[in-house]
A.B. asks: 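The structure follows.
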Amino acid sequence: MNVLIITAHPEADSFNSYLASEAARIFEKQGSLVHSVNLYRENFEPCEGQNFYTHMQDVGRFDALREQRHHWNVNKLPDDVTRHIELLKNSDLLLLHFPFWWFGMPAILKGWMDRVFVYGGIYDSKHRHEIGIMKGKRALLTVTAGAPANACGHNGRHGDMRFLLWPPIHALHYIGYTMLEPYLIHGVRGGLDGLAKEKQQQFLDEKVKDFKSRLININAWPIIPFNKEEDFNEDKTLKPHSPEYSPFVRHNRGNWKTDPI
Ligand SMILES: Cc1cc2nc3c(=O)[nH]c(=O)nc-3n(C[C@H](O)[C@H](O)[C@H](O)COP(=O)(O)O)c2cc1C
C-alpha cells in the first residue's frame, strides 16, 4: 500500500509531528511505501491567487475556477500543485495530521485544499462524491485539541468537534475519498510543569499506544457513511425515505433557529 502523510504543524518537535512520524513507522514496518510531507517545512504557499498562473485564460480578471481548469488542461499548473496531485494520485491512503485551531484546520491546510484540489482536474460536475477522482482511496484525519473531551462533545461548551470537522471530511469525500472516522485527541495542552506535565505525558503516551494499535488494523477502521446520488431528488434535496447520516444533510430543520433572513 502507498501511504501519504500530510502534517500541518509548524513545529517539528510537536505532538502532532510525533504522531505523524509514528504513523509512518507503523506503515513502513508493514511494508507500505510511505511519503511524508510537512506543509510548513516545505513553505507551502496556501493563498490561492493570480500570481500562480502563468498562462491566464482571462488576463483581465482572476477567476480561480476558470484558471485552475485551464491550467490543468494545458498542463501548466504550478509545480508544487502538480507534485501534490501526483502524491495524492499515487497513494491509497491519505493521513492528515493537524491541531484544531480556531475550531477548524490550520490555514495552511485549508489553503492546500484551495490550491491542490484543482477544478477540472481533481473534480468537476461529473466526478464528485462517490464517483470522485479519488474513488477507492481512503483518508483519515487525526486531530488534536487543547480543550478537554467533554467540552468538545455533543453538549460541550465548545461545540461538537466531530461535527466541526465536517468541512474537511466533506471536502475529501467530495473529491472521492472513502472517509475513515477521524481520530480525535483532546486535552493536548502545552505550557505545563511538574506533576501536571508528567500526568499529561502519561495520558499522551496512552493515546499514542491506542492510535498505533488501531493503525496496525487499519482495515477495521470505521467508515463514515454518506448519502449517495440516488438518495437525492433532481433538485439535489434529500428524498423523503433516504437515510440521514448527519445534521448537515437532514430531513427536517429541527429545533434550531437556522432560517436565513
Ligand atoms: C492558533 C491556535 C488556535 C487554537 N484553537 C483551538 C480550538 O479552537 N480548540 C481547541 O480545543 N484548542 C485550540 N488550540 C489548542 C491546540 O489545539 C493545541 O495546542 C494543539 O492541539 C496541541 O497539539 P501540539 O502539541 O501538537 O501543538 C489552539 C491553538 C492555537 C495555537
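Values in this document were obtained by computation on a predicted structure and should not be read as measured data. Just so you know, ligand 1 is whichever comes first in the structure, and atom 1 is the first atom listed for that ligand.
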A.B. asks: Can you check whether W101 has an N/O within less than 3.5 Å of an N/O in ligand 1?
C.D. replies: no

A.B. asks: Quick check: does any side chain N or O of E11 sit under 3.5 Å from a backbone N or O of D13, one acting as donor and the other as acceptor?
C.D. replies: yes

A.B. asks: Are the side chain of E130 and the backbone of E229 linked by a donor-acceptor contact shorter than 3.5 Å?
C.D. replies: yes

A.B. asks: Please report which non-hydrogen protein atom sits nearest to atom 8 (O) of ligand 1, along with the residue it belongs to and the distance in Å to one decimal place.
C.D. replies: F103 N, 2.9 Å

A.B. asks: My understanding is that we take every heavy atom of each candidate and find the minimum distance to atom 21 (O) of ligand 1. Doing that for V143, T144, L19, which one comes out nearest?
C.D. replies: T144

A.B. asks: For atom 13 (C) of ligand 1, what's the nearest protein heavy atom and its distance?
C.D. replies: F100 O, 3.2 Å

A.B. asks: Can you list the ligand 1 atoms lying under 4.0 Å from a non-hydrogen atom of F15?
C.D. replies: 25 (O), 26 (O)

A.B. asks: Assign the ring pair Y53 / H71 to parallel, tilted or perpendicular, where the plane angle (0 to 90°) is split at 30° and 60°.
C.D. replies: perpendicular

A.B. asks: Between Y119 and Y123, is the ring centre distance below 6.0 Å?
C.D. replies: yes

A.B. asks: Looking at F203, I'd like to know if the NZ or CZ of R189 sits under 6.0 Å from its six-membered ring centre while staying within 45 degrees of the ring's axis.
C.D. replies: no

A.B. asks: Establish, from distance only, whether the side-chain atoms of Q201 and D205 form a donor-acceptor pair under 3.5 Å.
C.D. replies: yes

A.B. asks: Who's the nearest protein heavy-atom neighbour of atom 5 (N) of ligand 1, and how far?
C.D. replies: W102 N, 2.8 Å

A.B. asks: Indicate yes or no: does an N/O atom of G146 lie under 3.5 Å from an N/O atom of ligand 1?
C.D. replies: yes

A.B. asks: If you count the atoms of ligand 1 from 1 in the order shown, which ones are under 4.0 Å from a heavy atom of S14?
C.D. replies: 26 (O)

A.B. asks: side-chain contact (heavy atoms from CB on, under 4.5 Å), that's the test. Do N2 and D92 meet it? Break it down for me.
C.D. replies: CA-CA 5 Å; N2 287 352; D92 312 293; 3.6 Å; yes

A.B. asks: May I ask you to say whether E42 pairs ionically with R83, meaning some side-chain N is under 4.0 Å from a carboxylate O?
C.D. replies: yes

A.B. asks: List ligand 1 atoms under 4.0 Å from N16, heavy atoms only on the residue side.
C.D. replies: 23 (O), 24 (P), 26 (O)

A.B. asks: Considering only protein heavy atoms, which is closest to atom 19 (O) of ligand 1, and at what distance to one decimal place?
C.D. replies: V188 O, 3.9 Å

A.B. asks: Counting each atom of ligand 1 from 1 as listed, which ones have a heavy atom of A147 under 4.0 Å away?
C.D. replies: 10 (C), 11 (O)

A.B. asks: Between H9 and ligand 1, which residue portion shows a heavy-atom distance shorter than 4.0 Å: side chain, backbone, both, or neither?
C.D. replies: side chain

